[in-house]
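Atoms within each ligand, like the ligands themselves, are counted from 1 in listed order.
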Amino acid sequence: MGDDARQLVLDESGNAAPSQLQDSKNQGTSSEAPTTHRALLDWVQEVAELTQPARVYWVTGTEEENKALTDELVEAGTLTRLNPETFPNSFAAFSDPKDVARVEEQTFICSEKKEDAGFTNNWMDPAQMHAKLDGLFAGSMRGRTMYVIPFVMGHLEAEDPKFGVEITDSAYVVASMRIMARIGTDVLRKMEELDAFFVPALHSVGAPLAEGEADVAWPCNEEKWIVHFPEDRSIYSYGSGYGGNALLGKKCYALRIASVMARDEGWLAEHMLILKLTSPEKKDYYVSAAFPSACGKTNLALLDPTVEGWKVETLGDDITWLRFGHDGELRATNPEAGLFGVAPGTGWSTNPNAMRAIAKGNSIFTNVALTDDGGVWWEGMTDEAPAHLTDWRGNDWTPESGTPAAHPNSRFCTPIDQIDMLAEEYYSPDGVPVSAILFGGRRKTTVPLVTQARDWTSGIFMGSTLSSETTAAAAGAVGVVRRDPMAMLPFMGYDAGDYLKHWITLSGAANQDKLPGIFLVNWFRRTADGGFAWPGFGDNSRVLKWVIERLEGKADAVETPIGFVPTGDSIDLKGLDMTPADVEAAVRVDPAEWETELAGIDEWYARFGASLPEELSAKLAELKERFAAAK
Ligand SMILES: Nc1nc2c(ncn2[C@@H]2O[C@H](COP(=O)(O)OP(=O)(O)OP(=O)(O)O)[C@@H](O)[C@H]2O)c(=O)[nH]1
Ligand SMILES: O=C([O-])CC(=O)C(=O)O
Ligand SMILES: [Mn+2]
């Protein structure tokens, strides 16, 4: 088979415009098989036969390779090189205007049984889906290079490293995966050594090139399919080059497939950030937080605290894997190696730590605006917009244009180790013990700034009923309230009721004294005049302080039907132009709003049918009784 793989490359050596990479010393052109991993060789061969690429290239992950690759992307017009003085080794990409976000309508969980995908997922019979995918992928890489990217989510030195191999025909995906995950030769060697299982993740932009056909800057297909086979642990992505649709280590593996692995192996794969908080007494705490896409994870993870004496460090901004450790504590790791952050709203005043990380370079920006001096700009980066820009669609832009210069879901992709405030524990394969879990969403009304759950199961109830107004992170309408359990609605790889049950049984078997506290937060509540009820961003450190003080039994709270909320004076407002009465307004539990909310939860829970854990329906009944008693 090694011979066949070589054959495939050599057969194509007469290709009209030989890639620079072909000429470099990649294994693909050498006489040796690039790996001894039999299953991998077989799969690569099988995919090459199906997709018919012009050449196969095994990604090594070196600097040299990345340089050649990004040079090619610049030449092809996919990437624009930014000013090396202000943005060293950084690039901007502009997608097809129809390929700007995850496509949830076209995302499928193809479990053998429909009920295992549950009501929150799209499902199709696996055999039928395979037939469909075979048709789509047949010849889909014609005229293109097929890149093979060995990667690991989490640490290579983990007890049970989680390997994957992404095959893609997009060099933009290769350059981005290099930032987002640990990739390349070291990973491949370890896979060989362990003869390890890997998640096969096949990606094609679905835009084959005919002989002599010129390429476009952002090839993609109108038709998009993001498909997961949970039992096989395999991923197929067709038609999109964008973010969570195409960087398959991220949402597809580290959440959807990993959530299924986690169910089977006794852990949790969650859409959460992790941060480290150090109190004035120099005690360390670790907090994880689940908010839906574009609802503040990256911002909280890189928080610049305004509250006196407290320090924050970052461990992760999007995905957290949680396990109960030998010590009985819930331990968290970040499986990713980069940030794929929402650009708009990230600025020197709101998130200077992200700005500093970006300023170090080595980043890929997608769908942001370009400044006239070869830099990037997006809404919220600076208080005042530059007088002239090239917008994300390539048009001239001025502040009078009346359209956003950057797409609302434009992103920066930056190595995590460029964050100055990265906690050293990020590098520990054992992770960190979690003291508190926050669930949060974007709600203009109803949901208080912060509420502490009465107990663990009440906290799971809070997570299960989490809701948020939709954002630009997914295609579709923006601003519609939807339930998003644990911020995992688009990312659960199996039945939602079983997912909630897994949270309950897993934690039920753990040391109950060491379970984290659970809190519901909402940075997005509005006041009667339409402004934010809470300043947010760095001032969220004041809420974190209250959270920790609650756990330490030091902060006051008022008991409400939904849980404990801060008293007006228990939130540290020093240096803020706010009064305890403003806090009381921000944490108010309004019975009329909650009547509507309870009806919404009823409707939501009804959709689970028999798969809703009875522990949670019991919690809903209790909540209704509390509101009734408070009348
Ligand atoms: N008002 C307000 N806006 C916030 C706050 N935190 C974040 N935002 C805004 O919310 C948007 C998304 O924030 P992110 O931190 O990038 O969200 P995320 O959850 O990491 O998003 P994904 O990467 O899509 O998962 C940005 O436009 C932020 O400016 C806050 O505390 N208050
Ligand atoms: O997956 C993406 O494209 C970006 C992201 O983090 C999210 O949407 O939660
Ligand atoms: Mn996310």
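With hydrogens and angles ignored, the 3.5 Å screen pairs no side-chain donor or acceptor of T333 with any backbone N or O of P335. Judged by distance alone, the side chain of N121 and the main-chain N or O of G118 form no donor-acceptor pair under 3.5 Å.
Atoms of ligand 2 lying under 4.0 Å from at least one heavy atom of K250, given by number and element, are 6 (O). Within the listing of ligand 1, atoms 30 (C), 31 (O), 32 (N) sit less than 4.0 angstrom from a heavy atom of W523. Each of the atoms 6 (N), 7 (C), 13 (O), 14 (P), 15 (O), 16 (O), 28 (C) of ligand 1 lies under 4.0 Å from some heavy atom of N299. Proximity to R442 (heavy-atom distance under 4.0 Å) selects the following atoms of ligand 1: 10 (O), 11 (C). Ligand 2 places these atoms under 4.0 Å from at least one heavy atom of H271: 9 (O). Atoms of ligand 1 lying under 4.0 Å from any heavy atom of V342, numbered from 1 in the order shown and given with element: 16 (O), 21 (O), 24 (O). Using a 4.0 Å cut-off to heavy atoms of G345, the atoms of ligand 1 that qualify are 27 (O), 29 (O). Those atoms of ligand 2 that come under 4.0 Å of a heavy atom in G244, given as number and element, are 1 (O), 2 (C), 3 (O). Against a heavy-atom cut-off of under 4.0 Å, P292 is close to the following atoms of ligand 1: 19 (O). Numbered from 1 in the order shown, with element, the atoms of ligand 2 that lie under 4.0 Å from a heavy atom of S293 read 7 (C), 8 (O), 9 (O).
Counting non-hydrogen atoms of neighbouring residues, nucleotides and ligands closer than 6.0 angstrom, the CD atom of E593 exceeds 12 such neighbours.
Residue G536 has no N or O atom closer than 3.5 Å to an N or O atom of ligand 1. Ligand 1 has a nitrogen or oxygen under 3.5 angstrom from a nitrogen or oxygen of C295. Every N/O-N/O distance between A473 and ligand 1 stays at or above 3.5 Å. In terms of polar-atom proximity, defined here as any N/O pair under 3.5 Å, T346 makes no such contact with ligand 1. Between D317 and ligand 1, no N or O atom pair is found at a separation short of 3.5 Å. Residue contacts with ligand 1: K251 is placed with no nitrogen or oxygen under 3.5 Å of a nitrogen or oxygen of the ligand (distance criterion only).
Looking at Y147 and E166, their side chains never bring a donor and an acceptor atom within 3.5 Å of each other. In this model, a donor atom of one side chain and an acceptor atom of the other lie less than 3.5 Å apart for W534 and N540. For the 3.5 Å distance criterion, the side chains of W310 and E308 fail to qualify, holding no donor opposite an acceptor. There is no side-chain donor-acceptor pair under 3.5 Å between R263 and H502.
When heavy-atom distances to ligand 1 are checked against a 4.0 Å cut-off, P344 comes that close only through its backbone atoms N, CA, C and O. Residue contacts with ligand 1 for R411 involve side-chain atoms from C-beta outward but no N, CA, C or O (heavy atoms, distance under 4.0 Å). Contacts between N540 and ligand 1, counted as non-hydrogen atom pairs separated by less than 4.0 Å, involve the side chain only. Contacts of N351 with ligand 1, taken as heavy-atom pairs under 4.0 Å, are absent altogether. Of the heavy atoms in D318, only side-chain atoms (C-beta onward) come closer than 4.0 Å to ligand 2.
Atom CG of residue N351 and atom OG1 of residue T298 lie 8.0 Å apart, to the nearest 0.5 angstrom. Expressed to the nearest 0.5 Å, how far CG of L273 lies from CZ of F291 amounts to 6.0 Å.
Evaluated by nearest non-hydrogen atom to atom 8 (N) of ligand 1, the leading choice among W534, F537, F340 is F537. Proximity annotation for atom 18 (P) of ligand 1: of R525, E379, K297, K297 comes nearest, heavy atoms only.
Closest protein heavy atom to atom 17 (O) of ligand 1: G296 N, 2.9 Å. In terms of protein heavy-atom proximity, atom 6 (O) of ligand 2 is nearest to K251 NZ, 2.6 Å. If you check which protein heavy atom lies closest to atom 22 (P) of ligand 1, you get A294 N, 3.4 Å. Nearest to atom 8 (O) of ligand 2 among the protein's heavy atoms is R102 NE, 2.8 Å.
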Checklist entry - Does the side-chain contact (heavy atoms from CB on, under 4.5 Å) test come out yes or no for R233 and Y253, once each step is laid out? => result CA-CA 9 Å; R233 314 271 199 252; Y253 187 156; over 6 Å; no
Checklist entry - Run the side chain to side chain donor-acceptor pair (under 3.5 Å) check on S95 and N367 step by step: do they pass? => result CA-CA 6 Å; S95 78; N367 291 339; 2.9 Å; yes
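Two rings, from W218 and Y172, have their centers less than 6.0 Å apart. Checked against the 6.0 Å centroid threshold, W604 and F119 count as a close aromatic pair. For F151 and F198, the ring centers sit 6.0 Å or farther from each other. Checked against a 6.0 Å centroid threshold, the rings of W123 and F108 do not count as neighbours.
Among the atoms of K297, no N, O or S atom falls under 2.8 Å of the Mn ion (ligand 3).
S204 pairs with exactly one of D169, N221, T168 by the side-chain hydrogen bond (donor to acceptor under 3.5 Å, both in side chains) rule, that one being D169.
Residue-ligand proximity: D318 is placed with a non-hydrogen atom under 4.0 Å from ligand 1.
The two atoms that bring N334 and I319 nearest to each other are OD1-O, 3.4 Å, heavy atoms only.
Between OD1 of D318 and NE2 of H271, the angle at the Mn ion (ligand 3) works out to 90°, rounded to 10 degrees.
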